[in-house]
Structures are given as C-alpha cells and as structure tokens.
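Working notes for the structure below.
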Amino acid sequence: MKVLTKGNITRKREGKKGGKVLLLWGQDVYVLGLMVALISFLGFLVENLWLALTKGYINNRNMNAPFLVGYGLLVVFMYFMFGTPQEMNLPKRMRKGATRYRRYALYFLGAMVFVCVGEIVLGAVVERLCGIEYWNYSKIPLHITKYTSIPTSAAFASMITLFMGRFFQPILKFLSRLDDRVLKVVSVTLCVIMLWDFLISFAVMIRKKDFYRKWKILLR
C-alpha cells in the first residue's frame with residue numbers, strides 16, 4: 001500500500017461500508033485528523049520531557065488539553081510537501097542518484113529548514129501579539145535569532161525524520177483500518193478540541209500579555 005498518492009486536492013472514494021470518504025491529497029481526512037492529534041500529543045510529551053530533564057518540572061505548555069497542534073500540522077504538512085524518506089518527492093533529475101541514505105539526508109535538511117522557519121515565525125508572532133518571549137535560544141551556540149538554533153533544529157529534525165521514516169506510514173495504515181464511523185467521530189472530536197483549546201488559550205495570552213499557566217508539577 002502506497003500511502004502518498006497523486007490527484008485532486010480533495011475528492012471522494014467509496015468507504016469500507018460503501019459510504020463516501022473525503023480525501024485530501026489521496027488520504028482520508030479523518031485519518032489525517034487523527035494523525036495530527038497523535039503528533040500534537042507527542043509534541044506535548046516531548047516538550048514536557050525536555051522541561052523535566054532541564055528544569056525539573058512539567059506544566060500545561062500554555063494549553064488546557066495535552067495537545068500542541070503546531071507539531072501535528074508541521075509534520076503532516078511536511079508529508080504533503082516531501083512524502084516520507086523512503087518515498088520522497090524529488091525532481092526527476094535527483095531520483096536516479098537518490099540512494100536511501102541521500103533521501104534521509106535530504107529529508108533531514110528539509111526538516112531542519114521547516115523547523116527553523118516555523119520557530120522564527122511562531123516566536124515572532126507570539127511576541128508581537130502577546131508581548132512575551134515564548135522561548136529564547138540566545139544562550140545556545142549557533143543560534144539564528146533568539147527563536148531558533150542549529151542544535152535545537154537538528155534535534156527536532158532528527159526526531160521528525162526518524163518518525164516519518166519508521167512510524168508514519170505504519171500508523172496511517174493502522175488508522176485506515178479502523179471502523180469508518182469510529183474514525184470519523186474520534187477524529188472530528190479531537191480536532192474540535194485542539195482547535196477550540198488553541199483559540200481559547202491564545203486568546204487568554206493575548207488579553208493578559210502573559211503565559212497561560214494552568215498547572216505545574218515540580219519533579220525535584
């Protein structure tokens with residue numbers, strides 16, 4: 001089963017029970033919604049793991065629900081742009097000499113660029129709207145502005161490349177086999193929760209000009 005397909009941006013196909021399924025770039029939109037939710041949850045865990053190791057506490061990461069939707073949207077957008085390392089979308093001239101290692105290297109570099117640009121844009125927008133520094137990498141060597149750095153971007157790019165190379169397509173295949181009704185209900189529910197939580201949380205940050213602190217647990 002080849003996950004990434006070409007064709008119309010949105011179209012419909014027959015579902016497992018004969019119903020119509022809305023597709024986005026060849027993928028069931030409800031499967032993609034669940035994937036965004038899963039990656040957003042993993043992003044929440046990754047950030048709290050970093051806090052636990054470096055600062056000795058975990059917190060709500062400015063959200064009510066345990067989802068950081070930026071992670072999910074970034075990874076799924078990369079999937080549409082580049083595919084996966086095994087089936088990377090490359091120009092015809094590059095495909096012949098694109099060995100497995102070169103594909104992974106190119107994917108890693110692409111992920112680094114995405115992370116750098118994403119962090120700079122998000123950091124600048126949050127500071128402009130909320131009047132706060134979402135994070136500051138100025139003390140990290142090889143930082144590019146205070147919002148991103150080569151070491152942190154390389155770490156995120158490594159995690160993204162590993163996830164996309166080993167886990168993304170198997171998870172998509174697993175989710176695609178779920179019952180259509182269950183898939184739709186769970187996907188829509190989680191996407192509504194994430195979107196609503198994102199809007200509410202940032203509205204509070206914009207109004208208060210401060211971080212949205214709901215809970216904090218000291219670990220040491």
Side-chain angles (χ1 to χ4, degrees), residues 1-49 58-87 89 111 114-115 118 122 126 156 159-206 212-215 217:
M1 172 183 170
K2 186 176 180 179
V3 177
L4 188 63
T5 59
K6 297 180 180 179
N8 297 331
I9 293 178
T10 58
R11 58 189 177 87
K12 291 185 176 181
R13 65 166 171 79
E14 292 293 325
K16 293 188 280 293
K17 295 185 179 180
K20 295 296 183 180
V21 178
L22 184 64
L23 300 180
L24 180 66
W25 275 294
Q27 269 301 323
D28 187 329
V29 294
Y30 301 118
V31 171
L32 292 175
L34 269 184
M35 180 62 78
V36 170
L38 173 62
I39 298 171
S40 299
F41 176 68
L42 292 176
F44 179 84
L45 295 182
V46 167
E47 289 209 0
N48 268 307
L49 177 61
I58 60 176
N59 64 22
N60 64 299
R61 305 309 300 138
N62 300 299
M63 297 289 146
N64 294 294
F67 300 102
L68 298 180
V69 69
Y71 284 85
L73 294 178
L74 172 66
V75 174
V76 171
F77 185 69
M78 279 199 61
Y79 172 64
F80 287 141
M81 290 293 294
F82 300 125
T84 61
Q86 295 92 335
E87 297 177 350
N89 299 328
F114 264 69
V115 171
L122 179 60
V126 171
F156 279 119
M159 289 187 287
I160 291 172
T161 303
L162 175 63
F163 180 82
M164 297 300 287
R166 293 295 184 92
F167 304 108
F168 191 87
Q169 285 195 353
I171 292 174
L172 275 186
K173 293 176 183 179
F174 171 78
L175 295 177
S176 298
R177 292 194 290 266
L178 296 177
D179 179 82
D180 286 342
R181 293 182 180 178
V182 173
L183 177 65
K184 182 176 181 179
V185 171
V186 175
S187 179
V188 171
T189 300
L190 289 177
C191 286
V192 169
I193 289 173
M194 289 189 298
L195 177 60
W196 183 251
D197 186 35
F198 176 83
L199 294 175
I200 291 296
S201 300
F202 267 88
V204 172
M205 292 170 65
I206 292 172
Y212 183 43
R213 300 180 178 90
K214 290 287 290 186
W215 56 266
I217 300 176

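Proximity of Ile160 to Val115: side-chain heavy atoms (C-beta onward) are separated by under 4.5 Å at one or more points. Two residues are said to be in side-chain contact when any heavy atoms from C-beta on lie closer than 4.5 Å; Asp179 and Leu183 fail this criterion. For the pair Met194/Val36, a side-chain contact is recorded, criterion being any heavy-atom separation below 4.5 Å from C-beta on.
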Step by step, would you call Val186 with Leu178 a side-chain contact (heavy atoms from CB on, under 4.5 Å)? CA-CA 11 Å; Val186 175; Leu178 296 177; over 6 Å; no
side-chain contact (heavy atoms from CB on, under 4.5 Å) between Phe41 and Phe67, worked out: CA-CA 5 Å; Phe41 176 68; Phe67 300 102; 3.9 Å; yes
Determine whether Met63 and Lys214 satisfy the following criterion, side-chain contact (heavy atoms from CB on, under 4.5 Å), listing intermediate values before the conclusion. CA-CA 8 Å; Met63 297 289 146; Lys214 290 287 290 186; over 6 Å; no
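Nearest heavy-atom pair across Pro85 and Thr161 is CG-O, 4.1 Å. A pairwise comparison of heavy atoms in Gly33 and Ser187 identifies CA-OG, 3.5 Å as the closest pair. Nearest approach of Ala37 to Leu190, heavy atoms of both residues: CB-CD1, 3.8 Å. The two residues Tyr79 and Leu172 make their nearest non-hydrogen contact at OH-CD1, 3.9 Å.
Asn62 places a side-chain N or O within donor-acceptor distance of the main-chain N or O of Tyr212, the cut-off being under 3.5 Å. Asp197 contributes a side-chain N or O that, together with a main-chain N or O of Asn64, makes up a donor-acceptor pair within less than 3.5 Å. Judged by distance alone, with hydrogens and angles left aside, the side-chain atoms of Gln27 form no donor-acceptor pair with the main-chain N or O of Leu32 at under 3.5 Å.
For the atom pair CD (Glu47) and CG (Leu42), the distance works out to 12.0 Å, reported to the nearest 0.5 Å. Between the CZ atom in Phe198 and the CG atom in Leu73 there is a gap of 8.5 Å [rounded to 0.5 Å]. Note that the CG atom of Asn60 and the CG atom of Asn48 stand 8.5 Å from one another [nearest 0.5 Å]. Remark: Gln86 CD to Arg166 CZ distance equals 8.5 Å, nearest 0.5 Å. The distance from the CD1 atom of Ile171 to the CE atom of Met35 is 5.0 Å, given to the nearest 0.5 Å. For the atom pair Thr84 OG1 and Phe163 CZ, the distance stands at 12.0 Å (nearest 0.5 Å).
Of the listed residues (Phe168, Phe114, Phe77), just one forms a ring-ring contact (aromatic ring centres under 6.0 Å, His included) with Phe82, and that residue is Phe114.
Of the N and O atoms on the side chains of Tyr30 and Asp180, not one donor lies less than 3.5 Å from an acceptor on the other residue.
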